[in-house]
Amino acid sequence: MLVLNDSSLLRPGSYIDGQWQTNNQHLAVRNPANGELLHTIANSNGIETEQAVVAARKAFTSWKKTTANERASIMRRWFNLIMEHQQDLAKILTAEQGKPLAEASGEIGYGAAFIEWFAEEAKRVYGDTIPAPSGDKRIVVIKQPVGVVAAITPWNFPNAMIARKAAAALAAGCTFIVRPATQTPLSALALAELAQRAGVPAGVFNVVVGDNARAMGQILTSHPDVDKFTFTGSTGVGKSLIAQCATTVKKVSMELGGNAPFIVFDDADVDAAVAGAIASKYRNAGQTCVCTNRIFVQQDIKDEFTEKFVSAVKQLQVGDGFDENVVIGPMISTQAVRDVQNLVQESISQGAVVALGGDSHSAGDCFYQPTIMTNVSNDMAIAANEIFGPVSPIIAFDNEDEVIGLANDTEYGLAAYFYARDIGRIWRVAEGLEYGMVGINEGIISNAAAPFGGMKQSGNGREGSKYGLDDYLEIKYLCMGGLDK
Ligand code: NAP
């Protein structure tokens, strides 16, 4: 049973126009570690989604007129409340998503950091004056909120993927509707509870929870009163949502899938590379978009790296996220376990060799063993697909040009990592990788100050940093004429 210090963080259903919704349709939320029923909430659908759009449109008329300072102080209160309730929010997150409690607590802090960051950035939405081509004119550029923003978010970061978008939207003066993933609605509703307590006005932040993703998504991507749509999830779903947004030419930003290369050159600090690979691969049981997906190791240090990596990964404890010392929790579903197992099996049939793990884990139906595979090539199933599970394929390479080519040989371009010491090599490789984010001698790269986002089919737009507000602002050019006497 989920025991919280503040049990009112568990809400009954969607939060629309400042009101909690209930109905007779129920949605059961379960713990992936053991199948336990955590909470039952009202299952919303199209009607509530429409209501949320209407509420956000109405609220926009007044929210857009608030000053940056007013928005910043409300957001600051929201941030403070989240941090005050960090432990309860972490428990809700671990219970519905599975990640270890310390990691969940880290996600709460990480998500809150975006609210704090954008509360400050709200005050720095500067315009421009531009030298005009004739003396009787002046050119001025102002920035205004885009309007009503709709978002769909995934289950792997039930708090942070919402906070990262909502923070920028609210700071810019937009109003916001999010439809969280079906498996993880409780974290989203707890965020709404704290938004309400912080004084976020009714209709400014709305959460619609329901299991009919397609129908709810159809409304959010085609409703004429939604001005911008933002999505975090798989590339396949993202593509269809972009197409749906085309009918009303919405502004769109997308945080999609990845296939991150992790390259270890022969001048690298191998121990540091092992630690970085573990951090970037096995966090969240391998279920992050920036997770290492392919480990490339230069031929002459391949054996040393593999030996050290296998022995370090063997130490990682798998189990229920609430158990102390556990660092790898369950995967999100039994289907996710089957998908990973199929990729592993297919790659074995293609010639890959299991160096560690390679099967489901005895901790329960949703668990998979931390796995390392060698003798892998870049075209095998385990390297060509986004694994989204705790499996590391190791691919040997000979030289720099070859590995840059292999790393870039994918439709994805989200995160990449490499370990090297030679300064010339560091610049050449950093510039040669076709990825939106590159970790150099570093396996954990995301924070509120840095622009998060991908190239190629990993998406468009950036979240966090000084660039993160751009996706929520319109640029308006004012041409002032007739200035001559
Ligand atoms: P997904 O299947 O694309 O689902 C993501 C969200 O989209 C969920 O809320 C899902 O709802 C909803 N959805 C699914 N089909 C839909 C449809 N036809 N219309 C409208 N909404 C729909 O992705 P996932 O497998 O849950 O999440 C993992 C993926 O997200 C990976 O590819 C990962 O790389 C990516 N990701 C990217 C980032 C980033 O910042 N780039 C961050 C995290 C994750 P239901 O829950 O009801 O299915």
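Computed from heavy atoms alone, side chains included, the values below leave out hydrogens, waters and symmetry copies. Start at 1 and go down the list; that is how both ligands and their atoms are numbered. For this chain, numbers begin at 1 and follow the sequence in order. Values in this document were obtained by computation on a predicted structure and should not be read as measured data.
No donor-acceptor pair closer than 3.5 Å links the side chain of R283 to the backbone N or O of C291. Remark: the backbone N or O of N284 is paired with a side-chain donor or acceptor of E103 at under 3.5 angstrom.
The shortest N/O to N/O separation between S240 and ligand 1 does not fall below 3.5 Å. Residue contacts with ligand 1: T235 is placed with no nitrogen or oxygen under 3.5 Å of a nitrogen or oxygen of the ligand (distance criterion only). At least one N or O atom of R179 sits closer than 3.5 Å to an N or O atom of ligand 1.
Screening V53, V148, L241 for a side chain to side chain contact (heavy atoms under 4.5 Å, CB included) involving L220 leaves a single residue, V53.
E107 pairs by the salt bridge (Lys or Arg N to Asp or Glu O under 4.0 Å) definition with K99, not counting sequence neighbours. Residues forming a side-chain contact (heavy atoms from CB on, under 4.5 Å) with N441 (at least two apart in sequence, or on another chain): Y419, R421, I426.
The part of N156 lying near ligand 1 is the side chain, judged by heavy-atom distances below 4.0 Å. Residue-level proximity to ligand 1 for E386 is carried by the side chain, the only part with a heavy atom below 4.0 angstrom. Here V290 has no heavy atoms under 4.0 Å from ligand 1, in either its backbone or its side chain. Here L256 has backbone heavy atoms under 4.0 Å from ligand 1, and that is the only part of it that gets that close. Contact annotation: for F388 versus ligand 1, heavy atoms closer than 4.0 Å belong to the side chain alone. By the criterion of a heavy-atom distance under 4.0 Å, neither the backbone nor the side chain of M216 is placed next to ligand 1. When non-hydrogen atoms are compared, ligand 1 lies under 4.0 Å from neither the backbone nor the side chain of M254. If you look at V237 next to ligand 1, the close heavy atoms, those under 4.0 Å, all belong to the side chain.
Judged by the shortest distance from any of its heavy atoms, W155 lies inside the 4.0 Å radius around the atoms of ligand 1. Residue contact check for ligand 1: R164 places a non-hydrogen atom closer than 4.0 Å to it. Using a non-hydrogen distance threshold of 4.0 Å, L241 registers as a contact of ligand 1.
In the candidate list G217, A215, C289, C289 is nearest to atom 42 (C) of ligand 1, counting heavy atoms. The option with the heavy atom closest to atom 3 (O) of ligand 1, from among G233, A213, P185, S234, is S234. With atom 27 (O) of ligand 1 as the reference point, the heavy atom nearest to it among A160, A151, G436, P154 is part of P154. Considering each of N284, V178, T153, the one bringing a non-hydrogen atom nearest atom 8 (C) of ligand 1 is T153.
Between the side chains of D339 and Q335, at least one donor-acceptor pair of N or O atoms lies under 3.5 Å.
Residue contact check: M161 has heavy atoms under 4.0 Å from atoms 42 (C) of ligand 1. In summary, the atoms of ligand 1 found under 4.0 Å from a heavy atom of I152, numbered by their order in the structure, are 6 (C), 7 (O), 9 (O), 12 (C), 20 (C), 21 (N). Ligand 1 places these atoms under 4.0 Å from at least one heavy atom of A181: 9 (O), 46 (O).
Between the CD atom in Q457 and the CG atom in N259 there is a gap of 12.0 Å [rounded to 0.5 Å]. Rounded to the nearest 0.5 Å, atoms NZ (K91) and CG (L186) are 14.5 Å apart. With values rounded to the nearest 0.5 angstrom, Y412 atom OH is found 8.5 Å from L256 atom CG. Here E96 contributes atom CD and S187 contributes atom OG; the two are 3.5 Å apart, rounded to the nearest 0.5 Å.
The protein atom (non-hydrogen) at minimum distance from atom 7 (O) of ligand 1 is F231 CE1, 3.3 Å. The shortest contact between atom 46 (O) of ligand 1 and any protein heavy atom is with T182 N, 2.9 Å.
Atom CG of N408 has more than 12 heavy atoms from other residues, nucleotides or ligands within 6.0 Å. Other residues, nucleotides and ligands contribute only 12 or fewer heavy atoms inside 6.0 Å of the CD1 atom of I475. More than 12 heavy atoms of other shown residues, nucleotides or ligands fall within 6.0 angstrom of atom CZ in F322. More than 12 heavy atoms of other residues, nucleotides or ligands shown are found within 6.0 angstrom of CZ on R124.
Per-atom contact check: atom 48 (O) of ligand 1 does not touch the protein, criterion being a heavy-atom distance below 4.0 Å. Closer than 4.0 Å to atom 23 (O) of ligand 1 lies at least one heavy atom of the protein.
Cation-pi geometry between K228 and Y472 is met: the NZ or CZ atom falls under 6.0 Å from the ring centre, inside 45° of the normal.
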